[in-house]
J.: 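Dropping the structure in here first, questions after.
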4 protein chains.
Amino acid sequence: MGRTPPSRRRGRPREAGLDRRILQAALDQLAALGFERMSLEAVAAQAGVTKPTLYRRWKSKADLATAALRMLQQSTFPPPTGNARQDVIANLREFQACLLRPNGMRMIGTLLVEEQRLPGLMRLFRERIVKTRRAALRRILADAVKRGELDKRADIEAALNCMVGAYYARYLAQGKFPADWPERTAGVALDGLPWRQ
Amino acid sequence: MGRTPPSRRRGRPREAGLDRRILQAALDQLAALGFERMSLEAVAAQAGVTKPTLYRRWKSKADLATAALRMLQQSTFPPPTGNARQDVIANLREFQACLLRPNGMRMIGTLLVEEQRLPGLMRLFRERIVKTRRAALRRILADAVKRGELDKRADIEAALNCMVGAYYARYLAQGKFPADWPERTAGVALDGLPWRQ
Amino acid sequence: MGRTPPSRRRGRPREAGLDRRILQAALDQLAALGFERMSLEAVAAQAGVTKPTLYRRWKSKADLATAALRMLQQSTFPPPTGNARQDVIANLREFQACLLRPNGMRMIGTLLVEEQRLPGLMRLFRERIVKTRRAALRRILADAVKRGELDKRADIEAALNCMVGAYYARYLAQGKFPADWPERTAGVALDGLPWRQ
Amino acid sequence: MGRTPPSRRRGRPREAGLDRRILQAALDQLAALGFERMSLEAVAAQAGVTKPTLYRRWKSKADLATAALRMLQQSTFPPPTGNARQDVIANLREFQACLLRPNGMRMIGTLLVEEQRLPGLMRLFRERIVKTRRAALRRILADAVKRGELDKRADIEAALNCMVGAYYARYLAQGKFPADWPERTAGVALDGLPWRQ
DNA sequence: AATGAATGAGCGTTCATTCAT
DNA sequence: AATGAATGAACGCTCATTCAT
């Protein structure tokens with residue numbers, strides 16, 4: 001039976017796990033210091049290699065940073081329970097944890113600062129991170145529509161932005177979140193304010 | 001009661017209006033390039049002075065940047081009409097204009113990136129810019145409460161964050177705003193979603 | 001008398017024509033950029049191989065450059081007609097064409113710059129290129145002596161240097177040659193200046 | 001009568017003689033190593049300053065090299081005696097001394113190598129060094145024309161190139177000069193070869 | 001024999017900051 | 001008060017060379 005495995009790759013093989021180590025080091029620095037202060041010297045040192053090793057893999061600092069950003073883990077969201085409100089709150093709670101991680105917001109800062117010079121960073125972040133979370137939230141509300149709990153004409157996009165955005169706004173205004181922020185945010189975004197009649 | 005006559009300052013007086021010119025140049029660069037890429041050489045050149053002139057006034061690049069940020073103009077908000085919904089929308093429309101200005105979001109990125117190293121920047125921004133806008137919005141809703149249109153228990157803070165935050169979230173997700181974004185945002189934050197029954 | 005049968009070379013044979021391709025690439029770069037700016041990376045790339053392939057054949061960049069210089073084509077000179085003056089002019093005309101080729105003089109510059117560090121380059125150039133042309137010119141004049149047209153005591157070496165050198169001098173002074181430069185140069189070197197009486 | 005000396009220059013004065021020291025260091029390296037191997041680090045070290053000090057004065061390595069070349073001393077030629085032949089020989093003897101100086105020919109090599117990338121170097125050399133020597137030689141022969149010793153139609157330019165060029169040619173062919181090279185060169189360039197009849 | 005990976009050293013340039021007038 | 005000069009430290013990037021397959 002035994003098929004010969006496909007012919008060995010030619011040349012000296014790359015040191016195992018090195019790409020990962022480099023990218024992790026780069027991501028660490030990018031998140032901790034921003035693009036400008038991230039230094040290839042330090043990235044190489046932290047990964048235990050020399051600078052030309054970086055250049056063999058990526059053709060510039062910008063390229064390395066982009067590749068590093070690709071490592072950013074997408075969140076794994078709690079499975080939906082079918083209760084729209086509870087699911088939204090669980091999602092927001094997880095979101096809150098992300099933002100409170102060290103460097104959680106700084107990476108977003110880097111994207112904003114470098115948006116003109118390195119548009120690829122923002123693009124990547126949108127496709128990898130933002131899109132995913134929004135899809136999860138959108139799904140929760142779309143299911144509620146399907147179940148007939150929510151009117152078809154609901155402005156789900158606007159609600160999404162309100163919910164997620166409440167965190168950004170709160171961070172910029174206060175820098176920290178009260179324990180019941182998911183509930184309060186969901187409360188407003190889903191039900192609005194208590195107008196009298 | 002003898003008022004002391006304003007004693008002549010000794011030594012050569014500072015050139016008039018120079019502080020302003022320097023700070024404006026610094027703010028320009030800070031907004032356009034971020035803190036790290038803002039260069040004192042360039043700031044001095046743009047202001048028509050030399051670097052030690054900057055150091056005579058501020059003791060470091062960080063200090064200068066902080067002082068420059070203090071120049072950021074606070075928005076002037078449209079006067080309230082008494083119609084809460086209209087007033088909110090008008091405010092958000094003005095907010096949208098700010099964010100769409102060149103460098104509108106980049107300055108926020110700088111604050112986030114430098115938050116640890118230069119906490120003063122964020123603090124200042126919160127006090128000068130964020131607080132002001134939030135106060136204006138809060139006032140609109142508080143007036144609605146006073147007039148009895150809105151229940152006292154309304155979570156005004158959460159609603160504020162939803163409204164303002166919807167812009168940040170939308171920017172991060174899309175980078176631009178549809179024309180009716182103020183209405184849509186206000187719609188969700190004030191009324192919530194159209195639940196059945 | 002038993003001839004040894006040509007023993008099979010052991011191991012993988014070298015790829016045919018590869019030496020040539022590498023040397024041609026090296027010569028191109030040497031002529032176009034000089035020794036210092038000639039990069040082994042680029043030479044390898046142009047030849048379609050990798051750098052260690054170069055090092056298997058030559059032990060250093062200097063060695064490769066020297067080997068490459070050996071590829072420089074010696075000129076083929078017009079056959080002598082027996083008319084010394086015409087033959088000299090024809091030779092100089094061909095010389096002029098060489099110098100006007102792109103990189104014609106730059107290679108000579110490289111030799112001069114690297115003379116101390118890589119004496120082999122200059123030595124090789126002298127033996128391969130300079131000697132050949134001078135021999136051709138010398139032959140023309142020696143034949144004239146043989147034919148009795150030129151006195152035996154003629155300082156042929158000095159005349160040689162005048163003729164060839166007039167080109168170098170003109171290049172350094174002007175960078176280009178008038179169309180009748182061979183005639184003018186031959187005129188002076190063969191006949192001198194028109195002194196009165 | 002003491003007039004007030006013109007107002008002091010503003011700012012910290014440049015360290016005395018520093019320009020000179022830097023340029024001399026640069027010229028040393030340029031002549032000894034060529035443009036490519038001349039390193040700003042080493043130039044600064046040799047001059048006892050730091051690299052940014054170089055950049056305050058010249059905006060790039062190319063600029064510094066050009067400025068350094070400007071330091072090259074033009075030769076001072078022996079005063080003409082009125083005897084054309086003797087004067088030519090004296091001039092050539094001095095020329096020979098220049099070329100035999102350490103790095104004498106290497107600088108010319110640098111000019112040739114960098115002619116495309118730094119055309120300013122060659123231009124400068126032509127204007128400063130080449131032109132001067134040629135003018136001196138041309139003057140000698142022009143005077144001979146004036147005195148009626150030499151026919152007006154003499155091709156002085158060609159003779160000039162023969163004389164000066166004989167040195168370049170000889171250097172490229174042999175690397176050294178016999179003691180009577182000035183006489184031999186002048187002999188051919190002024191009188192031509194001894195044709196019979 | 002040839003490959004692709006890795007290294008150590010060095011380069012030109014820029015910056016925030018301080019010094020000496 | 002303002003200037004022009006100088007510094008020390010870094011940075012992104014490239015190169016000739018060697019290693020491991």
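Proteins come first, then strands; the chains are lettered A, B, ... in the order of their sequence lines, and each starts at number 1. When reading the values below, keep in mind they use all heavy atoms of this one structure, side chains included, and skip hydrogens, waters and symmetry mates.
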J.: Can you work out whether V49(C) or T50(A) has the more 5'-proximal nearest nucleotide on DNA chain E?
T.: V49(C)
J.: Looking at dT3(E), I'd like to know if its phosphate oxygens (OP1 or OP2) sit under 4.0 Å from a side-chain N or O belonging to T53(C).
T.: yes
J.: Both R37(C) and E41(A) contact DNA chain F. Which one's nearest nucleotide lies toward the 5' end?
T.: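 Checking each residue's closest nucleotide, the 5'-ward one belongs to E41(A).
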J.: Should E41(B) and K51(B) count as an ion pair when the cut-off is N to O under 4.0 Å?
T.: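 Judged by the 4.0 Å cut-off on N to carboxylate O distance, E41(B) and K51(B) do form a salt bridge.
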J.: Can you measure R117(A) atom CZ to dG12(F) atom P for me and round it to whole angstrom units?
T.: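 Whole-Å distance recorded here is 11 Å.
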J.: With respect to the side chain of R56(D), which nucleotide from dG4(F), dA6(E), dG12(E) is positioned closest?
T.: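 Nearest to the side-chain atoms of R56(D), counting from C-beta on, is dG4(F).
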J.: Does a side-chain N or O of R57(A) approach OP1 or OP2 of dA6(E) to a distance below 4.0 Å, or not?
T.: yes
J.: Quickly work out the W58(C) CH2 to dT17(F) P distance and round it to whole Å.
T.: 14 Å
J.: Given the structure, check if the side chain of R14(D) and the base of dA5(F) hold any donor-acceptor pair shorter than 3.5 Å.
T.: no
J.: Between R123(B) and E115(B), does at least one N-O distance fall below 4.0 Å, as a salt bridge requires?
T.: no
J.: If we ignore hydrogens and angles and just use 3.5 Å, is the side chain of K61(C) paired with the main-chain N or O of E36(C) as donor and acceptor?
T.: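 It does hold such a pair.
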J.: On DNA chain E, check which nucleotide each of P52(C) and P52(A) is closest to and give me the residue with the more 5' one.
T.: P52(C)
J.: Tell me if a side-chain donor or acceptor on K59(B) pairs with a main-chain N or O of L64(B) at a distance below 3.5 Å.
T.: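 No; zero donor-acceptor contacts below 3.5 Å.
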J.: Grab the NZ-C1' distance between K61(D) and dG10(E) for me, whole Å please.
T.: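 So the NZ-C1' distance, K61(D) to dG10(E), works out to 11 Å.
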J.: The side chain of S60(C) is closest to which nucleotide in this list: dT17(F), dA6(F), dT13(E)?
T.: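 Shortest atom-to-atom distance from the side chain points to dT17(F).
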J.: Does a distance-only test, which skips hydrogens and angles, find a donor-acceptor pair under 3.5 Å between the side chain of K51(C) and the base of dT17(F)?
T.: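 By the distance-only test, yes, there is a pair.
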J.: Between G48(B) and L40(C), just flag the one whose closest nucleotide in DNA chain F comes earlier from the 5' side.
T.: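 In this pair, the answer is G48(B).
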J.: For the pair made of CD in E36(D) and P in dT14(F), what is the distance, rounded to whole Å?
T.: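 These atoms are roughly 14 Å apart.
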